[in-house]
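All remarks here apply to the structure that follows.
Note that this is a predicted model, so its numbers are computed, not measured. Letters A, B, ... are given to chains in the order of the sequence lines, protein chains preceding strands, and every chain is numbered from 1.
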Amino acid sequence: MKSPDFDYVKAKNIEDVFASLHTYKDSAQILAGGQSLLAMLNLRMANPQILIDISGIDSMKGIDKLSSALRIGALTTHNEILNSDLVKLHVPLLAQAVPYVAHLAIRNKGTIGGSLALGDPAAEYPAVALALNATLVIQSSKGERRVKAHDFFLSLYRTAVQSEEVLVAVEFPLATSNHRFVFLELARRKGDYAMVGLAVALTMDGKTIRECALSFMAMDDKPVLAPNAMKALTGQHIHPESILLAQNALDTDLDPPGDLQANASTKKHLARVLLSRALTQAGESHV
Amino acid sequence: MSDRCMHAQFTVNGESVDAQVPVRMHLVDYLRDEMGLTGSHLGCEHGVCGACQVMVDGQVVRGCLTLAVQADGKNIQTIEGLTENRELQQLQAAFLKHNAFQCGFCSAGMLLTALDITRHHKHASRDEIKELISGNYCRCTGYQAIVDAIEFVLHTNLSSSSTQSGVKA
Amino acid sequence: MNARNELPIQPDSVTTQRNYVGQSVPRTGAKKLLEGRGTYLDDIRLPRLVHVVYFRSPHAHARIKHLDLSQARKQPGVVAVFDGHDVAQFCTPWVGVLGHLKGIRSAPQYAIAPERACWQGEAVAAIVAQTRRQAEDALDHVVADWDVLPAVTDMQASLDGKVVIHPELGDNKCFNRALVTEGFEDAFSKADVVVEKVYEFSRHTGVTNEPRGILADYNPADNMLTVYQGTQAPNMMQDIFSRHLNIPESNVRVICKDVGGSFGIKVHVYADEMATAAISVMLKRPVKFAADRIESFLTDIHAREHKVKIKLACTQQGDIIAFDMVDLTGIGPYSVYPRTSGIEGNQVVNLTGGPYKHKHYKAQLDVVFTNKNVTCQYRAVGHPIAMAVTEGIVDEAARKIGMDPADFRRRNLIADDAYPYTFPSGVKFEKLSHHQCLDKLMALMDYPELRKEQQALRAKGVYRGIGLAAMIEVTNPSPAFYGVGGARISAQDGATIRLDPAGMVNVLVSVTEQGQGTEAIFTQIAATAVGVKVENVRVITGDTAVTPYGGGTWASRGAGIGGEAVLQAGKVLRSHILDVAAAILKIDVATLDLVNGVVIDKLTGLEHMPISEVGRVAYFRPDTLPMDFQSELTVTRHYTPREYGFTFTNGIQASYVEVDTETGFVTLLKHWCVEDCGTVINPMLVDEQIRGGIVQGIGGAMFEECIYSEEGQLLNGSMADYLVPMAGEMPDMIIAHVQTPTKTSELGAKGAGEAGTAGAPGAVMNAINDALAPLNANVSVQPFTPQRVLAALGKI
């Protein structure tokens, strides 16, 4: 299938992007890694008037340690994240998730900004960002605003990024020795989108769970937390009883639509299984 | 023709290209249709099968998910160029020896992934090799001969590098 | 790496011709495929080439109320637009029926549907443009109004016939067949044990890496149509283009260049390919159609949609008395031309129970039309179904009487000395080796050790399973397969072998190459037969103007039939070369031998001359030879399998799996296959072909299904949603051989291309069920997705 026709402009800097977005509004699409967008174009499932190529904007690249966060530029590729010692050290949950992302060639071009801005519920990064309540840094001609992950993913492929805005970076909180992180995903084949996935972030107080984030993939039209299960775990130790309580609470948290791979019943069952495995793993690990 | 075009300058297999490139055309179509480099193949055009892989600035990418205009300023290498400059010679010989191909349609993409493995995963185990090639679809072989061939090259390189450094293999 | 069954390598001495048959010679002739220098269909360019795309029905069943192509015609780059009526003027319709499938029926199918679309994706208009992208742009400007008709998508509903797809046929029955052996009822009723099961197989498809394509080039000046096509049967296509486009047979030339995988997908007649050829005739210029992946999913033949109820009756000691099998299979709205869509079900009837020595059999087959994509022969045609239902119910019986499944099979497999043997379905076996293969498999996989490991792990709550699948496979078919039914499909093949003056041996063969290495094995056979080194042989296939007339590659016939023709031609060429040498040397030809490319004295080993010298004299200096001597350094021989309808092979596979009983995910730990395909010409090539076949079978068993909605919409027609096996999930596969050559040819080679696919689904299913047995869970609907495993376990 060949793409429909479109115009193309390569932005030299972020101001270029704002200007093009202002001119073309919703008929423009931002091209970062292109691993999702170009596939949709080839399949004739998208028909933008113009593509704004942002891949050359250096201010959106780089992984930097700030005082209380790891800032990852939106144009950082999956392979750059995979190979980053900073990520391994400071955002281990993200490091655990990256190996699940697609395959080598896709990872060389796909970007974290692209993945977060698309917000596919079955993708890895949105779930991780949600689990860590990362800060999404959004810029426009009016300036910068910072949105927490909890407020970022709105509905299917719709995020807090408004028209004429660009996601430029994401800031993840730094891991400490009190944290436990587990990322688990069930997929039919390596690199596929998740059938069900779970990103767990626990803040421990000795053996007690002080804070808990359970972020599920492919269980809704966006990444989704399980607040009742999270509440059931808060203040608990990790043991079979608390795990069971959390699993049972999942029923009230999750109402997944079925898809071609798994119906709702299967997804709910797998979510329970992943929760148990993740918590057990967290209990046995140290960050 | 009605195509919207843009000027782009890049190198393909060491050869300079300075041309008006149809904007909507992906890189593999450009290489195949405009330059006659038909060694990279189209199996799906949505980034799943890997038959279209080429190298851009030394990185393996899906050629069908790269616009030709995005090649501007970059150095593209295809299976033809990597054969010509002998970067794939060792792997090609191993693929032939181990029968790691049948129809050959996936081979260009598979060899580029294999090249990346020999560069960045020199100690990959059999299972790791299987994972690393799991983004390249092959319908003819059972993947096993391909894993055999790559494993053979990795072992050859490891033992030759260790003998070079004076350590007994 | 496996140990291979290699004949000992003979030293390269001048007194002994290197015997290449049985050697793992690498495919040096195919090296170009590793260098990006192959020529696949879409690589071919011709002057004034235009591209055609098809406007396809979005509905599973709809009448065309109104079709307006005028706006599309005006789009940039568009050269022409055609509807079904236009193309029908140049291409006659066809009906996919054959005389030997008694009562088979189908409706006429046109190159482009003129009035009614019968499946989602059926072409109803053609747009021809300078580039593919311009043609696709123009598709958006086609105006189509549809009268949507009820779609028949459920097989049982189709059989019940409330909605009839082709009113003139009265119902939706394409073909049915019933057979019962004499005394069946009596024997069945006396059985101690009867087990019964229903198995379901989901429709799936070939997903060749290179999608279908065709480039048709009609030259009005000499009324010649040249077609480039990755077809498995170029002479068959030559005949079909000729008859349906009304061009004399010899004015049609079909050329096959490199093919990116076929597996049966590319042996059939596709409406859009016929339309493309017709359009070339209409436009008098080259026209290319290269299906994209989405089109491939919608229109490449699908296969294997079956619901089978099977019963096995046996004694308490475990002797199988009878099989009773009822098969319902849903094809598309047309039986595919010319091989028919009845063959797959027919094979299931022929082959169920195949490895075993029971005497009684009852079978019922119903093949029904549906408004889904057409279906037809796809690698191992029917075997995966037949072997899975047979081996599945055999395991059920073994479980019921508490017998180890290997022992149950040993008790019932036809004895190795029982041949020739006529099976209850009527097929005849020349000579099989079920017991040798079983013994070899047991040793290869160390079966007792695996059982111990399984037991130990079960105690820890880890559920592993071992599954066996014995199999038989149809290969080297005689005219009994198609010819007797009236199809102009050749069951014989030929080889023309020629010595070139510089010493190279050229072989033109009518069998075709899809990448499996057919050409490579012919170089080995030819080199051995003629008496030269393998690097001095070149094989050319796939050009009806140049290669002998023959059947092509399908039903695993290339090595056995084509190979025999090459062998016979090579032997004669050798003797003709020696005749020339004798004439040159003025000595008795009986003293000469041709060894590794050198004419030598048979007794002393003295080298007389290289064959290039024979070539030089024969072609350039015949004046130096006796007056009455004429060199004949080109020889043609043909071969037809005659004695048996099919040359059967046999084998046995085993799968070792681990089932995660919490998630339903199955890990394939290992796989084994012991195969008897007669003389193995190149162990390395055969083994990887078997592995590829196993992986394809695993695909159908674990991952692949064409999911249709009730309204006949294909829901997962992309590589993202239709799951093909990738390396990450595949086990290592250990292959071994027993060799029982066929006596119907000197080469003794049977076929091997489909065996892997035939047995893998049954082996994997049995392994999963063996793992689940302690939990009283059982799966019987393929593919065995995690959801189906969880449902079997009662977890959802």
Among A:Asp7, A:Asp53, A:Ile106, which has the most heavy-atom pairs under 4.5 Å with chain B? A:Asp7

Straight-line distance of B:Thr66 OG1 to A:Lys109 NZ, nearest 0.5 Å: 4.0 Å

Residues, nucleotides or ligands: over 12 heavy atoms within 6.0 Å of B:Glu15 CD: no

Exceeds 12 heavy-atom contacts within 6.0 angstrom, atom NZ of A:Lys12: no

When you measure from the side chain of A:Asn108 to the backbone N and O of B:Val60, does any donor-acceptor pair fall under 3.5 Å? yes

Over all heavy atoms of both residues, which pair between B:Arg4 and A:Asp5 is shortest? Give the atoms and the distance, please. NE-OD2, 3.6 Å

Contact part of B:Gln59 toward chain A, heavy-atom cut-off under 4.5 Å: side chain, backbone, both or neither? both

Neighbour count >12 (heavy atoms, 6.0 Å) for atom CG, A:Asp26: no

Compare all side-chain heavy atoms of B:Gln70 with those of A:Leu31 and state whether any distance is below 4.5 angstrom. yes

Within the 4.5 Å heavy-atom criterion, are A:Met1 and B:His46 side-chain neighbours or not? yes

Is the backbone of A:Leu104 close enough, under 3.5 Å, to the side chain of B:Asp116 for a donor and an acceptor to pair up by distance? no

Exceeds 12 heavy-atom contacts within 6.0 angstrom, atom OH of A:Tyr193: no

Step by step, would you call A:Asn42 with B:His26 a side-chain contact (heavy atoms from CB on, under 4.5 Å)? CA-CA 9 Å; A:Asn42 287 346; B:His26 58 62; 4.0 Å; yes

Run the salt-bridge test on B:Asp29 and A:Lys2 with the 4.0 Å N-O cut-off and return the result as yes or no. yes

A quick test of your reading: do over 12 heavy atoms of other residues, nucleotides or ligands sit less than 6.0 Å from CD of B:Glu84? no

Can you tell me which portion of B:Leu42 sits under 4.5 Å from chain A's heavy atoms? Options are side chain, backbone, both or neither. side chain

Can you tell if the side chain of A:Tyr8 reaches within under 4.5 Å of the side chain of B:Val21, non-hydrogen atoms only? no

Which heavy atom of B:Leu67 sits nearest to which heavy atom of A:Leu51, and what is that distance? CD1-CD1, 4.0 Å

Which portion of A:Pro4 sits near chain B, non-hydrogen atoms under 4.5 angstrom: backbone

Is a donor on one side and an acceptor on the other found under 3.5 Å between the side chain of B:Arg62 and the backbone of A:Ala105? no

Which pair of heavy atoms, one from B:Ser134 and one from A:His103, lies closest together, and at what distance? O-CE1, 3.1 Å

Against chain A, label B:His120 side chain, backbone, both or neither, depending on which of its atoms sit under 4.5 Å from a heavy atom there. neither

